[in-house]
Amino acid sequence: MCAVARRLRKQLGRRGIALVLLGLAKICFGLGYALQPSPDPIGLGLLTRFADIRCWSYIWIICGTVTFTCAWLRVGRDGLGFIAALVPPFVWGAAFLWGSLTGEYPRGLAIAAWYCIGHVGLILFLASLPEHSVPHPARRERGR
């Protein structure tokens, strides 16, 4: 089991592992709303005006699948995975922010901040990480 985990870690790298975790989390979150949709989710009135909550859950599932799939690509080609990971929390965070500004859901400001910092900020940070961040070896003097 440890050999499989080491092989996967080596194949995926740090960015790939981040994309796998983000993708699976988004798929699970979307499935939660797809399998057991609440009739009128509080704070998401802006979204439910345009489509049913089940449709929005499919956005989470599709973006999670794209994110998960991009984890298996080489570094430098995985950018689409990070973009796909950004879409759902950005949209939902904007909806909660709108709900708080209109007075529909006063607590929406805190949830919007949570989406912005806890999701969007973290994803942007992970996307900026180089695959290997080891210090450069000390430069040897010439002539030795």
*Under the side-chain contact (heavy atoms from CB on, under 4.5 Å) criterion, do Y115 and V120 qualify, and how do the steps go?*
CA-CA 6 Å; Y115 271 109; V120 174; 5.7 Å; no

_side-chain contact (heavy atoms from CB on, under 4.5 Å), that's the test. Do V91 and I59 meet it? Break it down for me._
CA-CA 10 Å; V91 170; I59 299 292; over 6 Å; no

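I53 and L35 sit in two unconnected hydrophobic clusters of ILVMFWY residues. Membership requires side-chain heavy atoms under 4.5 Å apart, directly or through other members. W114 is not connected to L86 by any chain of hydrophobic side-chain contacts under 4.5 Å among Ile, Leu, Val, Met, Phe, Trp and Tyr, and they are in different clusters. Hydrophobic clustering places I17 together with L8 (ILVMFWY residues linked when any side-chain heavy atoms are closer than 4.5 Å, directly or through intermediates). Under the 4.5 Å side-chain contact rule for hydrophobic residues, L122 and L124 share a cluster. Put simply, V87 and W56 are part of the same group of oily side chains (I, L, V, M, F, W, Y) that touch within less than 4.5 Å, one to the next.
Here A113 pairs with nothing under the side chain to side chain contact (heavy atoms under 4.5 Å, CB included) rule; sequence neighbours left out. For A71, the side chain to side chain contact (heavy atoms under 4.5 Å, CB included) partners are L12, L19, V20, not counting sequence neighbours. Under the side chain to side chain donor-acceptor pair (under 3.5 Å) criterion, Y105 pairs with R107, sequence neighbours left out. Partners of R54 according to the side chain to side chain donor-acceptor pair (under 3.5 Å) rule, which considers only residues two or more places apart in sequence or in another chain, do not exist here. Qualifying side chain to side chain contact (heavy atoms under 4.5 Å, CB included) partners for I83, counting only residues two or more places apart in sequence or in other chains: none. Residues that satisfy the side chain to side chain contact (heavy atoms under 4.5 Å, CB included) test with L101, not counting sequence neighbours, are L97.
Pairs engaging residues 59-83 under the side chain to side chain donor-acceptor pair (under 3.5 Å) rule: R15-D78 [sequence neighbours left out]. Sequence neighbours left out, not one pair with a member in residues 20-32 passes side chain to side chain donor-acceptor pair (under 3.5 Å). Residue pairs that meet the ring pair (Phe, Tyr, Trp, His ring centres under 6.0 Å) test with at least one member in residues 31-55, sequence neighbours left out, are F29-Y33, Y33-W92.
Counting heavy atoms from C-beta on, the side chains of C63 and P88 come closer than 4.5 Å. In this structure the side chain of D52 never reaches within 4.5 angstrom of the side chain of P37, judged on heavy atoms. H119 has its side chain out of reach of F90: every pair of non-hydrogen atoms, C-beta onward, lies at least 4.5 Å apart.
Atom CZ of F68 sits about 14.5 Å away from atom CD1 of I61, to the nearest 0.5 Å. In this structure, OG on S128 lies 12.0 Å from CD1 on I123, to the nearest 0.5 angstrom.
Grouping Ile, Leu, Val, Met, Phe, Trp and Tyr by side-chain contacts under 4.5 Å, direct or through others, puts V66 with L80. Counting side-chain heavy-atom gaps under 4.5 Å among Ile, Leu, Val, Met, Phe, Trp and Tyr, I62 is found in no cluster with other residues.
The two residues G30 and S57 come nearest to each other via the heavy atoms O-CB, 3.3 Å. Across L22 and A85, no two heavy atoms sit closer than the pair CD1-CB, 4.3 Å. Between S100 and G108, the shortest heavy-atom distance links the atoms CB-C, 3.8 Å. Heavy-atom minimum distance, A95 versus L44: CB-CD2, 4.0 Å. When every heavy atom of A112 is checked against every heavy atom of G93, the shortest pair comes out as CB-O, 3.3 Å. Closest of all the heavy-atom pairs between A18 and L126 is CB-CD1, 3.9 Å.
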